[in-house]
Structure formats: structure tokens, C-alpha cells
Protein chains: 2
Amino acid sequence: MRGNLFAVAVDLVVLTVRRDQLCVLLVKRGERPYESHWSLPGGFVQADEDLGDTAARELAAQTGAATQGAVQGHLEQLAGYAAPGRDPRGRVLSVGYLALLPDLPDPEGPASGSAAFLPVEDVYGLAFDHDRILADGVERARAKLEYTTLAAAFCPAEFTVSDLRRVYEAVWRTEIDPRNFQRKVTSTPGFLIPTATRVTGGRGRPPQLFRRGEATTLHPPMLREPTREPANGALAH
Amino acid sequence: MRGNLFAVAVDLVVLTVRRDQLCVLLVKRGERPYESHWSLPGGFVQADEDLGDTAARELAAQTGAATQGAVQGHLEQLAGYAAPGRDPRGRVLSVGYLALLPDLPDPEGPASGSAAFLPVEDVYGLAFDHDRILADGVERARAKLEYTTLAAAFCPAEFTVSDLRRVYEAVWRTEIDPRNFQRKVTSTPGFLIPTATRVTGGRGRPPQLFRRGEATTLHPPMLREPTREPANGALAH
DNA sequence: CAAATAGTGTCTATAAGACATTATCGT
DNA sequence: ACGATAATGTCTTATAGACACTATTTG
């Protein structure tokens, strides 16, 4: 069996929406290389582990396992990264994973004091090629909101249509008409299941609460950019 | 640096459309394990190679390098596969790559006599976990035809709208209305560039020839399944 | 009542689905 | 002329975008 041997790691792009901003979980490295640089959380694949196992294990370790218990959340593979010079220690192939989580009550891990959710807009200069992995993860998330119901993975078990809309707005950095949005998501069968419980305390009319339905795809999709230029046909008179 | 060491391979899902069928390039293994079984072409990542380099090198080796010269064709990464037992020889991580090629005049490689393009419908029982990698590649290709201009990667340098439509029909295994299809693809800016040359010899009106334009995305996408059930809203009166 | 948020309704424009018609070739 | 394939046009329907209006709460 020819070919060189690689260490194989899994790096996580853990995204959440906090204060209407798309944020990514970063850890400050405590060892070389890139000591004291921010990086994506990750770790090496152990014996008898499949890649998804490693990703789930690391995710649970970083977010306090509460994540694992909750039905919420989403975890999927992004891609493999193996450029020859990407790790100064030697040949390391890293498999990126994308995780989407609701905003956690206590986001920081219990043990490590140097982890934080930071707005993706402000993030650059990560260790290794993690800038690239992060960019791929963010783009994957943005694309998937278009044709899947994955936005709900950013929401708690019960949420309102406005909560969901603010997720889209944060991830896409756009504004969405609340009325058209409501029509779209509530008319997609299986996207949102209304719950009996009601909200109290807020200003204004109490919103309906929903939980995730069984639907996974949005058909037809909800597109980020307008279908084409306004195609005036300008009614000049 | 903890973690076990892996051999890292690249396996190719090379797709083309031949005789209105979506076909995949397979090679018959000449050595153990899975000797004389069909498998995806692939090979180990060499020193100083990035994953894409390995994929391009293997693709050129399998398809006679002519592929490489041609501007046509498409190559992208699929995913990493590393289940503990997937290779009896030991721990091997394989990175799947998807290649889309026009139907080659001489598809078989020059050296190896045991390679063939077979219709994906008929393929199962491949070596290792290649059934799974193939399924992922086919699904990726099907999905990408919806929202990209990648179907043209299956066509030669110059092609007709009917050629392109037959690609969609073969990949999706559906029938598409030729008139609506023509309207869709010709009205998408940058998808198809008309050429001066004309076709002779065929029955019927000679078609316009096109080559690929710069556009990479289809906006709005062309969807495989109808937008929803006919959604009668039956006007019973 | 005013302010704030939730939710519905209406109109218009865009694009897809269905399908008729015209165009241009070979025989 | 006829069959075959290519290309255009028309009508209908579904859905997105824009925006007015109604509903239900707190202060």
C-alpha cells in the first residue's frame, strides 16, 4: 500500500445566531504551533472512530454535551483539507464539519476558559487554514438556508416566525419582508408545527409558537438575491 | 500529536452521458482486496500533493490526459470517507471527487484494458464503500444541475440546446418539454454563447450551436420535481 | 389611546407548465 | 410534398415582491 501516512483531524465550524449576528465558536490555542492564536475547535480521529463520531465527540466536549442531548442542532461534513504545508508539524488532513446550534445559555465550555462565539464578520487570521474552512462553512450554511429548513436548527425547541426570520436575516445579512416571509414559511407543508403554548410578557400581539416539522427541503427554494434585476418594465406613466 | 495515522486515497466518480444514459467510469481491480471486483478509479495521495492534484492526476491517467487539455469538464471534491472497517488493509481515508466529462471518443485508458463506462443504474456491488461514494456523487451531480450551468460540462465544446436537454433528461431520468427548456436556457444570461458554425447532415432544421458562457449559476434554478402538487385551489364554481 | 409586534389580504410582476405554430432541413 | 427536428409564441397558473390593513398585547 503505497502513499504517505497522514494524521487525520476533524475541525468544527460551529455556528449560532446571537444578538442577530452569525457567530462562530473559536478556541484560543494553548500550544504550538499557532500558540495563543484563535482556531476552530477540533481534534484527531481516534482508533475505531468514524469521522462523524469524532465530530460529535468534539462538539459535545466544546459545547458542554447539552447540545448532544437536545434534538436541536445539525452536524454535517464540509470537506477535506490536506494542502502539503497546512500544518508545520507534518502531513495532516483535516476534515471540516459544520454544526448549527441554537444560541446556548452557557456557550463557553466548562473547562476551557478560552473559547468564545465571535461574529463571523470580525474573524480572520485564524490558525492553519481555518480561515478557509470557516469561509466554506459559512457559505455552506448560507446556501443551505435557501433550499432546506435548516434555519430552524439555529432556533430553540419552540420559536416564533419572527425568530426564524431574524435567523435568515443574520445569516444572509439581508432584510426580509416579515409578511412575505410569514406567508412563505407557514405555507410550506411540514416546515413549522404550531404549538399550544403561548408567549406572554412581550410588547405587542403575542406570537404563535412553532416547533420544527418533518420537512427538510424548501420547494421551491427561498432565494437570497432577487431573481434578477428588477426588470423594470418601468411604469413611466 | 496524538491520533492514528491513515493512508489517504482519492477515489473518482467520473460521470459522462453516453447514449442518453448517465454512466460512471469503473475499473476492474487487479489485486487484493476485492480482486476482480469493479471499483471507482483512484489512488493514494503522494508527497507534496494536495487532494485536488491527486484527483487531477488520476483523472488524466484514467481518461488519457486528453481530458486535461480540454477546457471542458469539471472536477470537485465530494466528501471524506473513513469508517474504521472500510479497507481491510488498515486505516484508509478516502476523499471522493466528482468529475463530469463529455462523452469521450476513446473512453478507455490506453494501458488498462479493464476500464469501462457503465450506466449508473446497473452498478452495484462495488469494492470497498464505493457504492456509497458513487451514490453521493450522482446525487451531487443531480442537485447541481438544478442551480448551476454544470450540465454543459457533459457536452463537447460546441453543442445544441437539444444536446443539453438530453443531458438533463439522462441525469435526472425525466422528460423535459423542449420548448420550455429552450426558453429557460437561452434566456439565462451568460449560459450559452451562440457560435457562427452550423450543423449539416441531420434530418430536420439545422440547430444553432452554442458553447459554454461565463455564467456558473442558474437563477432562479431549474427544479427537478414540479413545484408542488398541482395545488388545485379547484375553482369548483 | 398610543406604541409595538403579529398576522392577513391584495395587487402586480415574474417565471414555469402546457401546448400551438412556424421554420428549415433531407428525402 | 412529407417527415423530422428546431425555434418561437401564447395562455394559464403559481409564486415572489411590495405594501395596506387588521389583531392583540403593554403602558
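Nothing here was measured: the structure is a model prediction, and the numbers come from that model. Every chain is numbered from 1, with letters handed out A, B, ... down the list of sequences. Just the heavy atoms: all of them, side chains too, but no hydrogens, waters or symmetry mates, feed the values below.
- Of the candidates dT25(D), dA16(D), dT8(C), the closest approach to any side-chain atom of Q182(A) belongs to dT8(C).
- Here the C1' atom of nucleotide dT24(D) and the CD atom of Q208(A) are 14 Å apart, to the nearest Å.
- In this structure, the side chain of D131(A) engages the main chain of L126(A) through a donor-acceptor pair within 3.5 Å.
- Here the C1' atom of nucleotide dA6(D) and the CG atom of D163(B) are 12 Å apart, to the nearest Å.
- A donor and an acceptor atom never sit less than 3.5 Å apart when one is taken from the side chain of D177(B) and the other from the base of dA16(C).
- Between the CZ atom of R205(B) and the P atom of dA6(D) there is a distance of 10 Å, given to the nearest Å.
- At whole-Å resolution of the value, CZ in F181(A) and C1' in dT5(C) are 16 Å apart.
- Ionic pairing of E169(B) and R173(B) is not present here: no N-O contact between side-chain nitrogen and carboxylate oxygen is shorter than 4.0 angstrom.
- Applying the 3.5 Å distance criterion, the base of dG9(C) shares no donor-acceptor pair with the side chain of R183(A).
- Between F159(B) atom CZ and dA6(D) atom P the separation is 14 Å, expressed in whole Å.
- The distance between atom NE2 of H219(B) and atom C1' of dT15(D), rounded to the nearest whole Å, is 15 Å.
- There is no side-chain donor-acceptor pair under 3.5 Å between D103(B) and T16(B).
- Annotation: Y168(A) is in aromatic contact with F181(A) [ring centroid separation under 6.0 Å].
- Listed nucleotides dG17(C), dA6(D), dA16(C) differ in distance to P220(B); the shortest reach to its side chain belongs to dA16(C).
- Between the side chain of R179(B) and the base of dG17(C), no donor-acceptor pair under 3.5 Å is found.
- Atom NZ in K184(B) sits about 8 Å away from atom P in dA15(C), given to the nearest Å.
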